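This one's a predicted model, so the numbers in the text were calculated from it and none came from an experiment.
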There are 2 protein chains.
Amino acid sequence: MDAIDLSLVDLLRGNARLSYAELARQVGLSAPAVHERVGKLESSGVVLGYRADVAPEAIGLGVTALIGIVEDSGADSDDMLESLRVLPEIESCYFMAGVESFLLKARVGTIAELEQLIVRLNRTPGVASTRTAIALSTKWENRPQSVGPQPA
Amino acid sequence: MDAIDLSLVDLLRGNARLSYAELARQVGLSAPAVHERVGKLESSGVVLGYRADVAPEAIGLGVTALIGIVEDSGADSDDMLESLRVLPEIESCYFMAGVESFLLKARVGTIAELEQLIVRLNRTPGVASTRTAIALSTKWENRPQSVGPQPA
DNA sequence: ACTCTCCGTGGACGCCATCGACCTGAGCCT
DNA sequence: AGGCTCAGGTCGATGGCGTCCACGGAGAGT
């Protein structure tokens with residue numbers, strides 16, 4: 001992970017569809033060199049994947065909610081995790097410090113679907129209680145912060 | 001937005017670096033047709049961009065926190081938003097229902113930087129109070145849920 | 001029925017991805 | 001010091017891809 005790797009990561013976080021040739025121009029290496037570096041970043045787990053950023057309302061996921069989960073005393077967190085992982089509506093899952101062990105970000109199409117999700121969560125073994133906060137709007141999300149040197 | 005557009009969105013949410021030729025094969029159209037459809041999805045604001053998904057610890061952003069903000073009565077939310085937008089550590093920002101008007105997801109390198117961020121937030125005009133919860137680990141994040149027809 | 005429009009296909013051409021061969025400099029052993 | 005080894009780069013070649021263009025068929029409106 002030298003400065004060039006950081007620049008590559010920055011560039012790809014900004015636009016994952018840049019060609020290797022373009023990346024090469026930006027960092028001042030040849031295309032094959034960039035190709036090899038990016039390949040290593042991928043296989044070493046630095047770059048986990050490439051994703052299109054899509055407006056959720058446009059694909060019928062207009063309701064965003066953040067749900068905190070309090071675990072039963074004696075519940076097994078690993079089992080719970082597996083139960084959560086199965087629910088596709090849960091886009092993100094954090095294990096938290098504090099009373100609420102998990103914090104979930106969920107996206108659904110309607111409030112009715114959110115209700116169903118919450119019911120299902122409360123029925124999940126190990127869940128003592130849930131607390132749901134609804135996002136009225138997403139101002140921005142997953143904005144990449146630059147880590148490399150400033151782009152000259 | 002027909003079924004093919006949804007499939008394209010699904011495919012690109014799964015892997016934003018798929019070539020147009022590959023997308024074309026998957027949806028059963030020609031490459032130019034896919035190229036045009038994707039271009040329209042981009043310019044109509046359905047596809048907002050393409051981002052590499054990077055392991056945050058690998059780039060020195062090992063501390064994740066969720067911060068709720070309570071606004072002063074009479075504060076201007078738009079001004080606050082601009083103040084928040086300027087802080088690069090804030091990766092996501094939701095406008096919430098409930099006592100806390102905003103919910104932020106922030107990533108920093110160290111607890112000390114988190115402390116500085118919280119101090120800055122509390123000094124921001126319009127902020128009455130903040131509440132910070134620290135994520136001990138990110139189980140997963142921004143998992144795309146499939147919206148198209150099941151991939152046959 | 002004619003035509004307009006939309007949306008697709010197929011062909012062409014230049015650029016890109018990717019492979020292999022070779023080069024160079026750093027570090028280390030003798 | 002000399003030379004081995006290896007990591008990591010460049011260069012050149014080739015096949016596939018991105019992208020532009022001209023053309024064609026289906027459906028709606030008159």
Side-chain angles (χ1 to χ4, degrees), chain A residues 1-61 142 144 146-152, chain B residues 1-61 142 144 146-152:
Chain A
M1 274 301 271
D2 61 4
I4 291 183
D5 282 336
L6 285 176
S7 297
L8 289 173
V9 165
D10 258 12
L11 289 166
L12 286 171
R13 291 219 297 170
N15 180 4
R17 279 183 83 79
L18 288 175
S19 68
Y20 291 116
E22 182 59 29
L23 291 170
R25 276 188 287 270
Q26 301 272 342
V27 303
L29 288 181
S30 64
V34 167
H35 188 257
E36 184 175 346
R37 277 175 178 265
V38 172
K40 285 181 182 172
L41 289 172
E42 290 169 0
S43 55
S44 68
V46 174
V47 171
L48 302 171
Y50 304 95
R51 293 213 233 84
D53 180 19
V54 174
E57 326 79 68
I59 54 173
L61 296 173
N142 301 126
S146 155
V147 292
Q150 54 280 30
Chain B
M1 274 301 271
D2 60 5
I4 292 183
D5 282 337
L6 286 176
S7 297
L8 289 173
V9 164
D10 257 11
L11 289 165
L12 286 170
R13 291 219 296 172
N15 180 3
R17 278 183 85 78
L18 287 175
S19 68
Y20 291 117
E22 182 59 28
L23 292 171
R25 278 187 285 270
Q26 301 271 342
V27 303
L29 289 182
S30 65
V34 167
H35 187 257
E36 184 175 346
R37 276 173 177 266
V38 173
K40 285 181 181 170
L41 289 171
E42 289 169 0
S43 54
S44 69
V46 174
V47 171
L48 302 170
Y50 304 94
R51 300 225 213 72
D53 181 18
V54 173
E57 325 80 67
I59 54 173
L61 295 174
N142 301 126
S146 155
V147 291
Q150 53 281 30

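The two residues Gly45(A) and Ala55(B) come nearest to each other via the heavy atoms O-CB, 3.5 Å. Scanning both residues, Asp5(A) and Arg37(A), for their nearest heavy atoms gives OD1-NH1, 2.9 Å.
You'll find the side chain of Leu12(B) stays beyond 4.5 Å of the side chain of Leu41(B), heavy atoms only. Side-chain contact between Arg13(A) and Asp53(B) is absent, with no heavy atoms from C-beta onward closer than 4.5 Å.
Of the possible donor and acceptor atoms, one in the side chain of Arg17(B) sits under 3.5 Å from a partner among the backbone N and O of Leu18(A).
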List the protein contact pattern of nucleotides 5-18 of chain C with one symbol per nucleotide (5' to 3'): B for base contact, S for sugar-phosphate-only contact, - for none; contact means a heavy-atom distance under 4.0 Å.
-> --SSBB-----SSB
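Contact check of residues 41-49 of chain B against DNA chain C (heavy atom, cut-off under 4.0 Å) returns no residues at all.
Between atom CG of residue Leu61(B) and atom CD1 of residue Ile59(B) there is a gap of 5.0 Å, rounded to the nearest 0.5 Å.
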N/O donor to acceptor pairs below 3.5 angstrom from side-chain atoms of residues 29-36 of chain B, sequence neighbours left out:
{"from": "Glu36(B)", "atom 1": "OE2", "to": "Lys40(B)", "atom 2": "NZ", "distance (Å)": "3.2"}

